[in-house]
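Just below is one structure, and these are the notes that go with it.
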Number of protein chains: 2
Amino acid sequence: MSNSEVVELPVLQDGDAAPCCPPITAGELSPADAEKMAAMFKALSDPVRLRLFSKIASHPGGEACVCDIADVGVSQPTVSHHLRKLREAGLLTSERRGTWVYYQVAPSVVAAMAALLDLRG
Amino acid sequence: MSNSEVVELPVLQDGDAAPCCPPITAGELSPADAEKMAAMFKALSDPVRLRLFSKIASHPGGEACVCDIADVGVSQPTVSHHLRKLREAGLLTSERRGTWVYYQVAPSVVAAMAALLDLRG
DNA sequence: CACCCGTATCGACGAGTGTCAACATAGACA
DNA sequence: TGTCTATGTTGACACTCGTCGATACGGGTG
């Protein structure tokens with residue numbers, strides 16, 4: 001349940017505070033960078049995953065129990081499936097505390113997302 | 001070839017200078033907003049599309065002829081297919097000038113993308 | 001007009017994705 | 001130990017997606 005078995009953590013987490021890829025307008029994306037960025041976007045390209053992610057991100061501390069966010073109109077296994085995808089993409093981390101499992105937004109991701117969506121024009 | 005037949009232009013272009021959706025950390029995303037945002041992310045969730053988009057975005061004026069960007073390792077019909085997807089997602093616009101077709105990055109998208117990717121963790 | 005070049009569309013194929021019901025696993029508690 | 005609750009995993013299904021070759025369209029140029 002910890003994240004130790006996650007094979008690859010793409011994008012935004014390479015060092016600690018620097019994004020993996022140059023700005024998209026700075027020049028042609030290398031195939032490798034394109035692959036990493038696409039993986040991140042892909043993880044966010046499903047409405048259910050987006051709602052799960054926003055529910056977690058908008059919780060105090062950027063963390064939430066599965067039981068608090070599971071109401072998105074799909075079955076429980078499907079919720080679990082989507083949370084796994086987000087975790088494998090490096091956007092979430094998970095931690096079991098007693099009976100419940102808590103998901104947290106990976107640190108550097110929040111700011112990047114907020115900046116994208118809060119941007120005026 | 002003009003964009004007049006595009007059925008829906010999602011995200012980031014509703015008014016002119018305001019994004020369609022609230023910041024992801026501001027609260028739970030509504031199902032409708034999640035759908036719109038997911039459509040945008042989906043358009044960017046393919047490495048080939050990402051490279052095409054970055055090639056156009058990094059060209060002077062944010063515009064490029066297809067012939068200048070077509071070298072991404074896939075066949076010409078596939079390039080055309082991906083450019084259409086980006087256009088249908090509202091991320092690009094296209095215009096025919098004589099023999100060649102030019103694609104431009106939709107205005108508000110550039111800044112948002114750059115902000116996301118240029119952000120320091 | 002005929003020809004060539006740049007780009008879009010069509011049809012088909014294999015691979016991947018979202019979803020569910022059924023089952024498995026892990027803690028809490030009696 | 002046994003049972004209940006919360007979550008993850010498995011297997012199957014329909015559907016979508018990325019890709020290509022073949023073909024069509026549109027505009028120069030001869």
Side-chain angles (χ1 to χ4, degrees), chain A residues 1-7 31 34-35 37-53 55-56 63-89 91-104, chain B residues 1-7 31 34-35 37-53 55-56 63-89 91-104:
Chain A
M1 187 72 53
S2 80
N3 290 323
S4 45
E5 74 280 325
V6 170
V7 264
E35 208 84 37
M37 289 185 47
M40 189 192 77
F41 285 131
K42 194 174 205 170
L44 294 170
S45 70
D46 182 272
V48 172
R49 280 200 291 274
L50 226 32
R51 292 179 63 197
L52 289 170
F53 187 85
K55 281 192 173 202
I56 296 170
E63 114 171 356
C65 168
V66 175
C67 56
D68 290 329
I69 60 174
D71 182 25
V72 285
V74 294
S75 71
Q76 176 269 321
T78 301
V79 170
S80 192
H81 166 75
H82 284 305
L83 288 173
R84 182 219 268 258
K85 287 273 196 135
L86 287 167
R87 181 159 42 87
E88 287 177 348
L91 298 176
L92 296 179
T93 60
S94 68
E95 185 186 349
R96 173 159 224 140
R97 290 207 285 273
T99 303
W100 296 278
V101 176
Y102 291 81
Y103 279 80
Q104 302 94 23
Chain B
M1 188 68 59
S2 82
N3 290 324
S4 45
E5 75 280 328
V6 169
V7 264
E35 209 84 37
M37 290 186 47
M40 190 193 76
F41 285 132
K42 194 174 205 170
L44 294 171
S45 70
D46 181 272
V48 172
R49 280 199 291 273
L50 226 32
R51 292 180 63 198
L52 289 171
F53 186 87
K55 282 191 172 203
I56 296 170
E63 116 172 355
C65 168
V66 175
C67 56
D68 289 331
I69 60 173
D71 182 24
V72 286
V74 295
S75 70
Q76 177 268 320
T78 302
V79 169
S80 192
H81 166 76
H82 284 305
L83 288 172
R84 182 219 269 259
K85 287 274 194 134
L86 287 168
R87 181 161 40 88
E88 286 176 349
L91 299 176
L92 294 180
T93 60
S94 68
E95 183 187 350
R96 172 161 224 139
R97 291 207 285 274
T99 304
W100 295 277
V101 176
Y102 291 81
Y103 279 79
Q104 301 95 22

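Lettering of chains follows the sequences in order, A, B, ..., and the numbering in each one begins at 1. What you are looking at is a predicted structure, and each value in this text was computed from that prediction instead of being measured.
Listed candidates were C:dT7, C:dT19, D:dT7. Nearest to the side chain of A:V48 is C:dT19. Looking at the side chain of A:H81, the nearest of the listed nucleotides C:dA8, C:dG18, D:dT19 is C:dG18.
The side chain of B:K85 contributes an N or O atom lying less than 4.0 Å from OP1 or OP2 of D:dG18. Between B:Y102 and the phosphate of C:dG6, there is no side-chain N or O to OP1/OP2 separation shorter than 4.0 Å. Side-chain N/O atoms of B:T78 include one lying less than 4.0 angstrom from OP1 or OP2 on D:dC20. For the pair A:R84 and D:dG8, the criterion of a side-chain N or O lying under 4.0 Å from OP1 or OP2 is not met. When the side-chain nitrogen and oxygen atoms of B:R96 are compared with OP1 and OP2 of C:dT7, none of them lie within a distance under 4.0 Å. At the phosphate of C:dG6, neither OP1 nor OP2 sits under 4.0 Å from any side-chain N or O atom of B:Y103.
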Could you walk me through whether B:L86 and B:I56 pass side-chain contact (heavy atoms from CB on, under 4.5 Å), step by step? CA-CA 11 Å; B:L86 287 168; B:I56 296 170; 5.9 Å; no
Report the C-alpha distance between A:R87 and A:R84 in whole Å, list the side-chain angles of each, state the deciding distance to 0.1 Å, and finish with yes or no for side-chain contact (heavy atoms from CB on, under 4.5 Å). CA-CA 5 Å; A:R87 181 159 42 87; A:R84 182 219 268 258; 3.8 Å; yes
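Whole-Å rounding puts the B:E95 CD to C:dA8 C1' distance at 17 Å. One atom, CH2 of A:W100, and another, P of D:dT5, lie 12 Å apart when rounded to the nearest Å. Taking atom NZ of residue A:K42 and atom P of nucleotide C:dA15, one finds them 15 Å apart after rounding to whole Å. Regarding A:R87, its CZ atom lies at a distance of 13 Å from the P atom of D:dT7, rounded to whole Å. Whole-Å rounding puts the A:L83 CG to D:dT7 P distance at 10 Å. Rounded to an integer number of Å, the gap from A:H82 NE2 to D:dT9 P is 15 Å.
Here A:R49 lies in heavy-atom contact (under 4.0 Å) with sugar-phosphate atoms only. Residue A:T99 is classed as a sugar-phosphate contact, given heavy-atom separations below 4.0 Å to backbone atoms only.
Residues from residues 67-77 of chain A lying near DNA chain D, meaning a heavy-atom separation below 4.0 Å, are A:C67, A:Q76, A:P77 in numerical order.
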Output a table of donor-acceptor pairs, distance under 3.5 Å, between side-chain atoms of residues 42-50 of chain A and any protein atom two or more places apart or on a different chain; print 'none' if there are none.
from: A:S45; atom 1: OG; to: A:K42; atom 2: O; distance (Å): 2.7
from: A:D46; atom 1: OD1; to: A:V48; atom 2: N; distance (Å): 2.8
from: A:D46; atom 1: OD1; to: A:R49; atom 2: N; distance (Å): 3.2
from: A:R49; atom 1: NE; to: A:A43; atom 2: O; distance (Å): 2.7
from: A:R49; atom 1: NH1; to: A:H82; atom 2: ND1; distance (Å): 3.1
from: A:R49; atom 1: NH2; to: A:K42; atom 2: O; distance (Å): 3.2

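With a 6.0 Å radius and a threshold of 12 heavy atoms from other residues, nucleotides or ligands, B:D71 has its CG atom at or below the threshold.
The distance from the OG atom of B:S75 to the NE2 atom of B:H81 is 10.5 Å, given to the nearest 0.5 Å. Rounded to the nearest 0.5 Å, atoms CG (A:L52) and CG (A:L92) are 8.5 Å apart.
For the side-chain contact (heavy atoms from CB on, under 4.5 Å) test, residues two or more places apart in sequence or in another chain that qualify with A:C67 are A:C65, A:W100.
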